[in-house]
Amino acid sequence: MRTIDLPENPSGHAAPLTHVTFRADGLRLASASYDGTVIVWDTSTPARPVRLARLRHRRLVNSSAWNPVTPSLLATASADKTAAVWRVEDDGASRLVTVLARHTDDINSVAWMPDGRRLICVSEDGRATVWDAITGAFLSEIGSHTAHCMMVSVSAQGLVATVGEDGLVSVTAPDGNASPTTRRYASSIEGCSWSHDGTTLAVARDDGTVELLSTELETLASFQVSRSAARSVEWSADGESLVIGAYEGGLHFYDRSGKQLGQVSDPRIWPRSVSTAGGLVAAGSFWGEPHLLALEDGRELYAPTTPTHGPNALARRGEQLLVGCDSGAVVALDPDDPGTPPQVHQVADGPVLSLAVRGDVIYAGTYDGRVISWAGGPDNGARTVGEPLGAPVPSLCLDGDVLVAGTYNGELVALDPDTLEVIDSQEAHGGSVKSLASLGHPGFLSAATDRTVASGVYGDRVTLWEHGNLVNAVAQLDGSIVASASRDHTVKVGRLVTGRQDDLGVPVRQDRAADIQTLLGPDESVKCVGLLGCPDSPVVLAGSYDFGLYLWEIDWSSSAATLASGRVVDEFGQGLSCMFAWDSDRVVVAGWDGRIAVVGRAPGAQGAMGVLSSIRLNELLAVAA
């Protein structure tokens, strides 16, 4: 497994912050990031946090937790499938104490038992396991989920609560013999937190609701916080109030009866994680440093100053390549002439997740749930900002005279492309619509976290196939070939059959898939996919979280040959994030390390495919600045 290789950011992280957690006294804060590091900050002066130590994993870090007995011990959990325990002294001196045995999947969250010796780990495979954190010995398994287990919280009395994408809440006493107490919801649950006295469990649900539960999981209070998903929740020390992070890019302050006390809106905040201690609130960020606020009134004490420009989306307008970034910028550059200075359009304050183009008009879907359009540039062209859609917009495509947006809550939203007014919305998938692709004729493809790939027109969709895990991306070639990339480490490709006749001979649209092949190669989640060539002998390219760019040449006559096919075309310094077919011979690929590569055969060439040119986005932006 290769190690993330990103240029170090002297002021903080080089990528968005996935998690923050205060030490109990509020004087130290640990922040985890997509850049594979954990930074420990001195927060004794909250307006001027000081970086003390940097700890490194091989993959992104999802979580960390301070030891309740020995304050210098910090546990960290990573997508490299390990949890580590570090000793971090007050002066910043740090050393690795132990690494727990490799898990079968990414570790999403860790929490200490009150004895300060045992560590609970929960992971993408749904398992919750108990470890001796000092010796690294596996002790037991205390439960499992049928989908990703997202968060663990341990009460002062040693009750372990886990929540997951399967909507299950499970409370277990590892030191007792009783079976777990469980409760299941219709919506995914990604955040949970015990009150400090251990009497009340708060859970944050994807339907925007926060529910307070007893130790027996009986409802004590329930209140709607946001139209978007509630992602994280944390208690104040006295147990009288809560801080909640929601996907529209803000923090919500509530008392335990459900009365709203305040709200902070800042598109730079990544509400995946919040933490409280010593009268302070820390929140994750799409920028390189944590946010620090006063718990009493939400007043900003410190905010990050350095944006990160990780690429999330690619599109083409004329001869310009458009790159949508975590910073809210859309960068326009010429992939055939890397020396041409880029144009930087600050489209949004928070991340741009998706892009689409119609003529001279560019559309951007944002993390705070809006669609933005402009002609020319935001500073010198017509610009329209749509109303919030209630959830982040990770996918966009044009289908005839309609702009279709896919949202985190599984909806397809039809928009007027001129006014961005909502024409209609429908729940099309049972999970986030991660990717859309126009078929070039009436209809489009969609891929979602419910593991399915679907096709059809708006309002009339049919499932083409299902993966073994969530689907990250879908692509098409000539309206007749479909490929999809999944977290199950595979790519699927097949022919699209788009029509039939009813009993009266009238053409009726009824998409289906044929000649489906499963492509192997990546060792981790496959994030993006593209197609080149012709329908009779297509070339599939895919980018993975394992940093590799893979290529398969499809032989429709021999599906068994795919087991031995495929090769690595290139490797990046971080996971690959997005891909866009530039023309019939070339694909543009972007990685979270800021590298953008043009891959394919040179026009008119008959040789093997490879990297034709490469651009370092961060270096271009530094020169432009």
Side-chain angles (χ1 to χ4, degrees), residues 6 15-16 34 60 286 308-317 320-333 335 342 347-348 351-357 362-367 392-397 405-406 408 432-438 445-449 470-476 483-487 491 522 524-532 540-551 569-582 586-600 611 614-618 620-621:
L6 295 179
Y34 262 105
L60 68 93
F286 288 109
T308 59
H309 298 290
N312 298 312
L314 300 171
R316 179 174 184 168
R317 183 174 70 167
Q320 286 186 323
L321 173 67
L322 305 175
V323 186
C325 302
D326 282 331
S327 60
V330 172
V331 180
L333 49 86
V347 175
V352 172
L353 302 182
S354 52
L355 292 169
V357 175
I362 302 169
Y363 302 93
T366 67
Y367 185 87
V393 183
S395 53
L396 286 171
C397 80
Y408 265 31
S432 172
V433 183
K434 300 276 281 187
S435 179
L436 296 172
S438 173
L445 304 168
S446 57
T449 59
L470 64 86
V471 189
N472 284 309
V474 65
Q476 65 86 26
S484 58
S486 170
R487 199 185 180 281
V491 173
E524 298 181 37
S525 176
V526 192
K527 183 65 172 69
C528 52
V529 67
L531 285 158
L532 291 178
V540 181
L541 290 114
S544 170
Y545 277 26
D546 69 9
F547 309 175
L549 174 64
Y550 295 82
L551 179 148
V569 177
D570 198 12
E571 291 185 332
F572 284 62
Q574 172 52 304
L576 280 77
S577 59
C578 46
M579 188 177 294
F580 181 80
W582 188 251
R586 295 175 292 172
V587 160
V588 181
V589 183
W592 276 305
D593 60 354
R595 181 171 170 234
I596 298 172
V598 179
V599 181
V611 176
S614 187
I615 299 169
R616 293 285 180 179
L617 182 62
N618 292 330
L620 283 177
L621 294 177

Test log, rule side-chain contact (heavy atoms from CB on, under 4.5 Å), inputs Leu321 and Val588: CA-CA 9 Å; Leu321 173 67; Val588 181; 3.6 Å; yes
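Put simply, the side chain of Val323 reaches to within 4.5 Å of the side chain of Cys325, judged on heavy atoms. The side-chain heavy atoms of Val474 and Val529, taken from C-beta on, include no pair separated by under 4.5 Å. Leu551 has its side chain out of reach of Val540: every pair of non-hydrogen atoms, C-beta onward, lies at least 4.5 Å apart. Looking at heavy atoms from C-beta onward, Val526 lies out of side-chain contact with Ser486 at the 4.5 angstrom threshold.
In this structure, the separation between SG on Cys528 and CG on Leu549 is 7.5 Å, given to the nearest 0.5 Å.
At least one donor-acceptor pair under 3.5 Å links the side chain of Ser577 to the backbone N or O of Ala590. Without hydrogens or angle criteria, Asp326 side chain to Pro351 main chain gives no donor-acceptor distance under 3.5 Å. Not a single donor-acceptor pair under 3.5 Å links the side chain of Ser525 to the backbone N or O of Tyr545. Put simply, the side chain of Ser432 never gets that close to the backbone of Thr449: no donor and acceptor are under 3.5 Å apart.
Listed by chain and number, the residues in a side-chain contact (heavy atoms from CB on, under 4.5 Å) with Ala313 are Leu355 (sequence neighbours excluded). In this view, Ser435 satisfies the side chain to side chain donor-acceptor pair (under 3.5 Å) rule with no residue, not counting sequence neighbours. Here Tyr34 pairs with Trp270, Trp592 under the ring pair (Phe, Tyr, Trp, His ring centres under 6.0 Å) rule; sequence neighbours left out. Residues satisfying the side-chain contact (heavy atoms from CB on, under 4.5 Å) test with Ala329, not counting sequence neighbours, are Ser327, Val344, Gln346. With sequence neighbours left out, the side chain to side chain donor-acceptor pair (under 3.5 Å) criterion links Glu524 to Arg59. Scored by the side-chain contact (heavy atoms from CB on, under 4.5 Å) test, Thr366 finds Ala348, Asp368, Arg370, Ile372 as partners (sequence neighbours excluded). Contacts of Thr308 classified as side chain to side chain donor-acceptor pair (under 3.5 Å), with partners at least two apart in sequence or in another chain: none. Checked against side chain to side chain donor-acceptor pair (under 3.5 Å), Asp546 has the following partners two or more places apart in sequence or in another chain: Ser544, Tyr550. Under the rule for a salt bridge (Lys or Arg N to Asp or Glu O under 4.0 Å), the partners of Arg595 that lie at least two apart in sequence or sit in another chain are Asp570. Residues satisfying the salt bridge (Lys or Arg N to Asp or Glu O under 4.0 Å) test with Asp593, not counting sequence neighbours, are Arg616.
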